[in-house]
There are 2 protein chains.
Amino acid sequence: MSFNGEATSDVPTLPGTHSGIPPYLLDKARRAKDGVFDTRTKPVNERRRSVAVPQGIERDVFLKALAELKEQLGGQHVEINDKPLVDGWYMEHPNTHDMMTILDDEELVASAVVYPGSTEEVQTVVAWANKHRVPIFPISMGRNLGYGGAAPRVRGSVTIDLGKRMNKILDINPDDFTCLVEPGVSFYALYEALKEKGYDHMWLDTPDLGGGSIIGNTVDRGVGYTPYGDHWACHAGLEVVLPTGEVIRTGMGALPGNNTWQAFPYGFGPYSDGIFSQSNYGIVTKMGMTLMPNPGGYESFMYTFPNEEDLSLLIDIIRPLRISNILENVAQLRHVAQSVAARGLPRSKFYSGDGPVPDSVIHAAAADSPVGDHTWAYYGMSYGPEQFRAYKLSLIDAAFRKIPGTKKIDPATLPEDEYFWSRDRIAAGVPDIHELRWVNWTPNGSHIAFSPVSPIRGVDATALFALGKKYHDKYGIDFFPAFCVGLREMHLIVEIVFDRADPQRRREALDCLRDMVDEAARLGYGEYRTHLVLMDQVAGTYSWNDGAIMKFNEKLKDALDPNGILAPGRCGIWPRRYRGRGWEMTREKGIVAEGDGVSDE
Amino acid sequence: MSFNGEATSDVPTLPGTHSGIPPYLLDKARRAKDGVFDTRTKPVNERRRSVAVPQGIERDVFLKALAELKEQLGGQHVEINDKPLVDGWYMEHPNTHDMMTILDDEELVASAVVYPGSTEEVQTVVAWANKHRVPIFPISMGRNLGYGGAAPRVRGSVTIDLGKRMNKILDINPDDFTCLVEPGVSFYALYEALKEKGYDHMWLDTPDLGGGSIIGNTVDRGVGYTPYGDHWACHAGLEVVLPTGEVIRTGMGALPGNNTWQAFPYGFGPYSDGIFSQSNYGIVTKMGMTLMPNPGGYESFMYTFPNEEDLSLLIDIIRPLRISNILENVAQLRHVAQSVAARGLPRSKFYSGDGPVPDSVIHAAAADSPVGDHTWAYYGMSYGPEQFRAYKLSLIDAAFRKIPGTKKIDPATLPEDEYFWSRDRIAAGVPDIHELRWVNWTPNGSHIAFSPVSPIRGVDATALFALGKKYHDKYGIDFFPAFCVGLREMHLIVEIVFDRADPQRRREALDCLRDMVDEAARLGYGEYRTHLVLMDQVAGTYSWNDGAIMKFNEKLKDALDPNGILAPGRCGIWPRRYRGRGWEMTREKGIVAEGDGVSDE
């Protein structure tokens with residue numbers, strides 16, 4: 001089996017809504033001369049395919065069940081996945097798999113993709129799945145890049161693509177600073193709606209890439225870069241279809257005739273929202289989100305620091321400033337290698353050798369960038385009226401200048417296309433996709449994330465940096481570290497960029513990740529989120545008291561999903577009928593899909 | 001059956017730790033000449049009592065089971081509740097019942113109180129309860145005044161008084177601004193510890209009354225008055241004993257050797273903390289809490305507004321200021337009647353007639369207070385350096401002065417004992433108990449709360465004010481309303497003060513509450529928290545989609561607590577074996593304790 005391996009710029013026209021990116025930006029992407037986004041499209045793989053029938057059900061029975069579902073939802077809303085797989089994240093194509101697959105692309109594929117148009121139709125699909133014991137895997141828009149994209153955890157699952165038809169902004173409340181959205185509403189879409197209505201007094205918060213679903217990002221506990229960056233903490237109210245088909249509304253949503261569903265998150269009694277994040281206990285069909293008041297002014301700033309060893313002191317300087325909200329958004333300290341990659345140029349332009357690009361080459365490549373010959377870049381934003389910003393920026397400046405050689409970059413000197421301006425937009429709540437340029441680093445560029453949580457301490461930053469470097473060197477992978485300080489903790493975020501058409505590169509990337517996860521856990525660092533293929537391993541590191549939390553999670557799973565149909569294996573939680581049956585992936589075995597359903601005719 | 005009905009000042013000496021109030025304050029309380037706290041002690045009721053054996057178990061079998069538990073925990077840690085009940089919230093007495101009972105004091109009583117000294121001993125008690133099918137009711141310190149105090153929901157439950165022996169501050173981290181506490185740590189105790197260590201860079205947040213448990217308040221989703229006032233949102237990490245006896249640690253606590261349990265709340269996988277708030281799914285034995293950075297300055301302010309009708313415009317003025325954090329803490333708008341009551345003088349000093357005290361009398365009583373002849377008082381705090389405060393206070397001043405006749409009160413004119421200074425302390429994170437003075441309003445003063453959630457809108461404030469007034473008038477009860485604006489919602493907080501020795505006054509208070517809860521729900525307003533005896537009713541108002549949320553809650557309950565031993569009925573959640581068996585209280589029946597166990601020998 002093989003990939004074609006060549007990029008193409010033949011991007012079909014498509015509606016912007018489903019892609020999550022507005023049409024004007026798609027146009028811009030299509031016209032881009034620097035190759036940005038080109039690698040986002042994968043050529044059609046012409047090998048013939050048959051449907052990946054889920055384990056434990058006969059092909060004929062399964063196809064008959066799908067026919068039944070077509071009758072219930074309408075034939076056009078049930079798409080059988082029997083055509084060649086097509087990548088391309090801003091194209092109108094079915095969400096059949098992970099467009100950045102770390103495994104062979106035939107591994108984590110859906111047997112079919114269904115498009116419910118309402119909560120009732122989601123219930124219909126759930127009832128159907130229970131009747132036929134078919135694993136279903138809900139996605140909002142399938143843009144969970146670096147963490148599995150649109151792929152289901154169990155091969156042959158029926159993917160419920162919620163976002164294609166359920167993409168309405170149901171409410172924007174300009175008095176309460178809240179909104180209510182369906183799964184298909186992207187950060188871009190909400191941003192556009194706020195602009196269209198002239199609601200300049202409200203900001204949204206956006207993650208690094210704005211093309212994804214607000215619900216999808218939030219229930220996966222993704223983060224953004226304004227003071228409202230903790231998306232989970234900022235949501236208010238869920239509507240959830242349970243694995244047995246009932247619909248609940250959480251918080252005040254459970255009170256008939258209420259007018260506070262989005263204004264007060266808790267309601268009365270157990271606050272159950274949290275168990276619907278990073279789990280497989282329910283399908284979120286509506287979510288409330290709070291919006292940030294326009295802070296009355298904002299101002300991006302950038303500092304660079306000369307030496308790799310400055311990291312330790314710098315992190316200790318950042319900690320009290322961040323906790324005290326002098327640094328008001330996620331503090332980002334990015335390594336020069338990451339800045340170079342974010343420019344969107346291929347690695348081959350700088351280096352043609354094997355193994356990691358040498359430091360000297362990275363520094364040479366950065367010479368004409370604002371990072372220059374320095375090693376670390378800090379991107380930040382100060383909010384509020386001018387006199388507030390001046391005060392806070394003066395404290396920050398005094399603190400950062402304790403690092404010898406620190407440079408403050410004057411934004412006025414930076415060209416329009418500089419990465420700084422992407423950070424500026426995002427920290428001001430303007431969705432962007434510049435960040436993704438780093439995938440141009442390799443042909444068929446894809447990325448997968450390592451993101452351990454640690455205290456905000458120089459000693460921890462140094463340990464994690466060394467850990468990452470050690471295993472990247474071992475596997476000959478370029479190391480792009482960035483430290484993101486949430487509030488009282490930090491994440492090292494390492495995106496491994498790899499050629500998804502090259503099985504060996506994929507394997508090296510995955511092995512490197514697995515080694516890093518294990519060693520991080522030995523040191524007391526755990527992942528805050530992970531890719532589908534690493535979920536069992538990561539969940540296994542949260543093993544205190546003989547794995548008590550997983551036993552608890554499994555008890556909830558069995559109670560809520562007795563037939564084990566909803567997203568089996570997501571976040572490492574397997575329903576009873578899947579447990580201990582060899583579903584766990586290992587690096588030796590790769591992904592295993594037992595029984596029938598795997599064919600390559 | 002009767003109460004003695006007379007207050008006494010015979011307050012025994014006791015260690016401060018268990019009461020939650022430091023000794024110096026107890027001394028002050030004892031010496032107080034104005035009667036404050038005197039009504040907190042109830043004279044011994046001399047009627048002889050027998051143990052309130054829980055329903056469904058024979059007395060002999062139960063007493064034998066208790067003997068077994070004594071062998072396991074040590075006899076001194078299992079106290080059988082067979083002596084006359086004694087009130088008094090700062091005395092060293094067993095937490096056998098609600099010291100502010102709204103029912104006859106023999107209704108919601110424990111059969112015994114046990115004092116585990118460790119998480120392992122909590123597990124021992126849970127295993128014992130499962131073995132003998134005995135309902136157990138965990139409390140932290142039993143200071144949930146106005147919401148049921150220390151009482152169990154089911155008569156004859158064995159109360160687990162966690163706080164008596166598990167009262168350690170396990171960690172204070174001055175770098176991360178976090179702490180880890182056991183159930184017996186009060187807001188006072190943590191405050192004292194911070195002072196003792198000289199950690200002036202960290203503040204805690206305290207609710208109106210500082211003598212209660214941090215864990216107890218937080219898991220009941222109580223609030224305070226600094227920017228860290230949403231205690232639930234500010235906690236980080238739980239240790240929980242499940243109803244089947246296993247121990248879990250949530251968030252990063254599930255990762256062995258982690259050093260981020262209190263720094264990052266979420267961990268990996270389902271975020272399950274929320275289901276342990278306002279529920280009966282587990283016993284919280286440790287909790288992490290984040291601490292607020294010293295804001296570098298603070299300044300209390302007070303405004304008064306002349307007319308009852310100013311409420312509507314005022315609330316609409318407050319909304320954007322609060323959401324934008326110009327008003328930086330819970331916005332409190334208190335009615336003059338509430339200010340008068342908070343002075344701690346008895347109603348009889350002002351009025352001897354029946355029915356509610358007339359407005360004219362209230363205004364006369366307030367004449368020499370800062371509220372004067374005005375109707376509403378706003379208590380607020382501005383934080384940060386002087387120039388920050390000046391800017392925000394100028395915006396607030398301009399906005400508030402849109403109400404004709406608005407007065408800004410100069411704190412320098414206020415005497416040391418003015419209620420303003422209690423608000424000032426609390427908004428600066430200094431625990432206080434002044435608020436409780438309002439119980440002096442009646443003999444044997446007790447209080448019970450009505451606290452519906454609404455949008456921050458003039459029209460809603462007006463509707464809720466009218467609703468409260470209507471039913472207080474109907475039952476002849478003095479109306480003490482205060483509006484507390486959280487962030488995007490507000491709570492009307494009404495404390496009904498009643499003479500708990502007078503069965504008719506108790507009944508009127510309860511009937512008034514039940515009527516208000518029902519009518520509020522018809523208008524779309526729901527309680528955020530409620531008293532034990534109202535939990536079934538309030539839970540019943542959250543009935544969307546045929547009571548879907550309660551069916552969901554019950555499904556979790558049955559999965560986690562198959563024997564139905566943990567706090568049956570708390571927040572309206574009954575285990576299977578209790579459901580549909582007439583446990584629900586009605587105003588006709590009062591509280592029902594079926595079967596044996598109720599005796600008054």
S.K.: Quick check for you: among B:L523, B:D558, B:I573, B:L291, which has the greatest number of heavy-atom pairs under 4.5 Å with chain A?
M.R.: B:L291
S.K.: Locate the shortest heavy-atom distance separating A:L556 from B:L560; write the atom from each residue and the value.
M.R.: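 For A:L556 and B:L560, the tightest heavy-atom pair comes out as CD2-CD2, 4.1 Å.
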S.K.: Check whether any side-chain heavy atom of B:E246 sits under 4.5 Å from a side-chain heavy atom of A:F552, and report yes or no.
M.R.: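 Heavy-atom side-chain distance check fails, nothing below 4.5 Å.
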S.K.: Using side-chain heavy atoms (C-beta onward) and a distance below 4.5 Å, is B:S277 in contact with A:P270?
M.R.: no
S.K.: With a 4.5 angstrom heavy-atom cut-off, is it the side chain or the backbone of A:D460 that approaches chain B, or both, or neither?
M.R.: side chain
S.K.: Look at the aromatic rings of A:F388 and B:F388 and report parallel, tilted or perpendicular, splitting at 30° and 60°.
M.R.: parallel
S.K.: With a 4.5 angstrom heavy-atom cut-off, could you sort out which part of A:N259 is near chain B: side chain, backbone, both or neither?
M.R.: both
S.K.: What distance separates A:L255 CG from B:E527 CD, expressed to the nearest 0.5 Å?
M.R.: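 These two atoms lie 10.0 Å from each other.
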S.K.: Tell me which of these, A:A233, A:A254, A:G253, has more heavy-atom pairs under 4.5 Å with chain B than the rest.
M.R.: A:A254
S.K.: Taking the side chain as C-beta and beyond, is there a heavy-atom pair between B:T250 and A:Y542 under 4.5 Å?
M.R.: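 No, their side chains stay 4.5 Å or more apart.
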S.K.: Working to the nearest 0.5 Å, report the span between OG1 of A:T260 and CD1 of B:I456.
M.R.: 11.0 Å
S.K.: Check each atom of B:I549 against the heavy atoms of chain A and say whether the ones under 4.5 Å are side chain, backbone, both or neither.
M.R.: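 Interface part for B:I549: both.
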S.K.: Can you tell which part of B:R221 gets under 4.5 Å to a heavy atom of chain A, answering side chain, backbone, both or neither?
M.R.: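 Only the side chain of B:R221 comes within 4.5 Å of chain A.
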S.K.: What distance separates A:R319 CZ from B:F177 CZ, expressed to the nearest 0.5 Å?
M.R.: 8.5 Å
S.K.: Using modelled atom types and a 3.5 Å cut-off, is there a donor and acceptor pairing between side-chain atoms of B:N258 and backbone atoms of A:G526?
M.R.: no
S.K.: Which of the residues B:R522, B:E489, B:M490, B:M550 is involved in the greatest number of heavy-atom pairs with chain A at under 4.5 angstrom?
M.R.: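 With the most close heavy-atom pairs to chain A, the winner is B:E489.
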S.K.: Just so I understand: if I count every heavy-atom pair under 4.5 Å between each of B:H201, B:R570, B:K555 and chain A, which residue has the most?
M.R.: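 Among the listed options, the one with the most contacts to chain A is B:K555.
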S.K.: Is it the side chain or the backbone of B:R457 that comes within 4.5 Å of chain A heavy atoms, both, or neither?
M.R.: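 For B:R457, the side chain is the part near chain A, not the backbone.
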S.K.: By a 4.5 Å heavy-atom criterion (distance strictly below it), what part of B:I326 contacts chain A: side chain, backbone, both, or neither?
M.R.: neither
S.K.: Just so I know, are the side chains of A:I248 and B:K551 near enough to count as touching, which here means a heavy-atom distance under 4.5 Å?
M.R.: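 SC-SC contact between A:I248 and B:K551 ruled out.
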S.K.: Hey, mind stepping through A:Y266 and B:D230 against side chain to side chain donor-acceptor pair (under 3.5 Å) and telling me if it holds?
M.R.: CA-CA 11 Å; A:Y266 300 132; B:D230 182 346; 2.9 Å; yes
S.K.: Please tell me if the side chains of B:Q387 and A:Y391 come closer than 4.5 Å, counting only heavy atoms from C-beta onward.
M.R.: yes
S.K.: Between A:G486, A:G269, A:P293, A:P385, who has the most heavy-atom pairs with chain B when the cutoff is under 4.5 Å?
M.R.: A:G269
S.K.: Rounded to the nearest 0.5 Å, how far apart are CD of A:E239 and CG of B:N545?
M.R.: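 Answer rounded to 0.5 Å: 9.0 Å.
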S.K.: Under a 4.5 Å cutoff for heavy-atom pairs, which residue among A:G384, A:P455, A:P265 has the most contacts with chain B?
M.R.: A:P455
S.K.: Which pair of heavy atoms, one from B:S272 and one from A:I275, lies closest together, and at what distance?
M.R.: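 Taking every non-hydrogen atom into account, CA-CG2, 3.8 Å.
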S.K.: Which value, rounded to the nearest 0.5 Å, describes the distance between A:T290 atom OG1 and B:R488 atom CZ?
M.R.: 4.5 Å
S.K.: If you count heavy-atom pairs within less than 4.5 Å of chain B, which of A:G296, A:P320, A:G572, A:S324 leads?
M.R.: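 Most pairs with chain B among the choices: A:S324.
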S.K.: Quick one: does B:T530's side chain get under 4.5 Å of A:F268's, heavy atoms only?
M.R.: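 Sidechains of A:F268 and B:T530: in contact.
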S.K.: Under 4.5 Å from any heavy atom of chain A, what part of B:D273 do you find: side chain, backbone, both or neither?
M.R.: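 For B:D273, no heavy atom lies under 4.5 Å from chain A.
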S.K.: Could you tell me which non-hydrogen atom of A:I323 sits nearest to which non-hydrogen atom of B:D176, and how far apart they are?
M.R.: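 Minimum heavy-atom contact is CD1-O, 3.8 Å.
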S.K.: I want to check something: taking the side chain as every heavy atom from C-beta on, are B:Q278 and A:Y271 in contact at a cut-off of under 4.5 Å?
M.R.: no
S.K.: Considering only heavy atoms, which portion of B:P295 lies under 4.5 Å from any heavy atom of chain A: side chain, backbone, both, or neither?
M.R.: neither
S.K.: Looking at A:S454, A:A521, A:A559, A:P256, which has the largest count of heavy-atom pairs under 4.5 Å with chain B?
M.R.: A:P256
S.K.: Flag the one option from A:G267, A:G257, A:G547, A:A539 with the top tally of heavy-atom pairs under 4.5 Å to chain B.
M.R.: A:G267
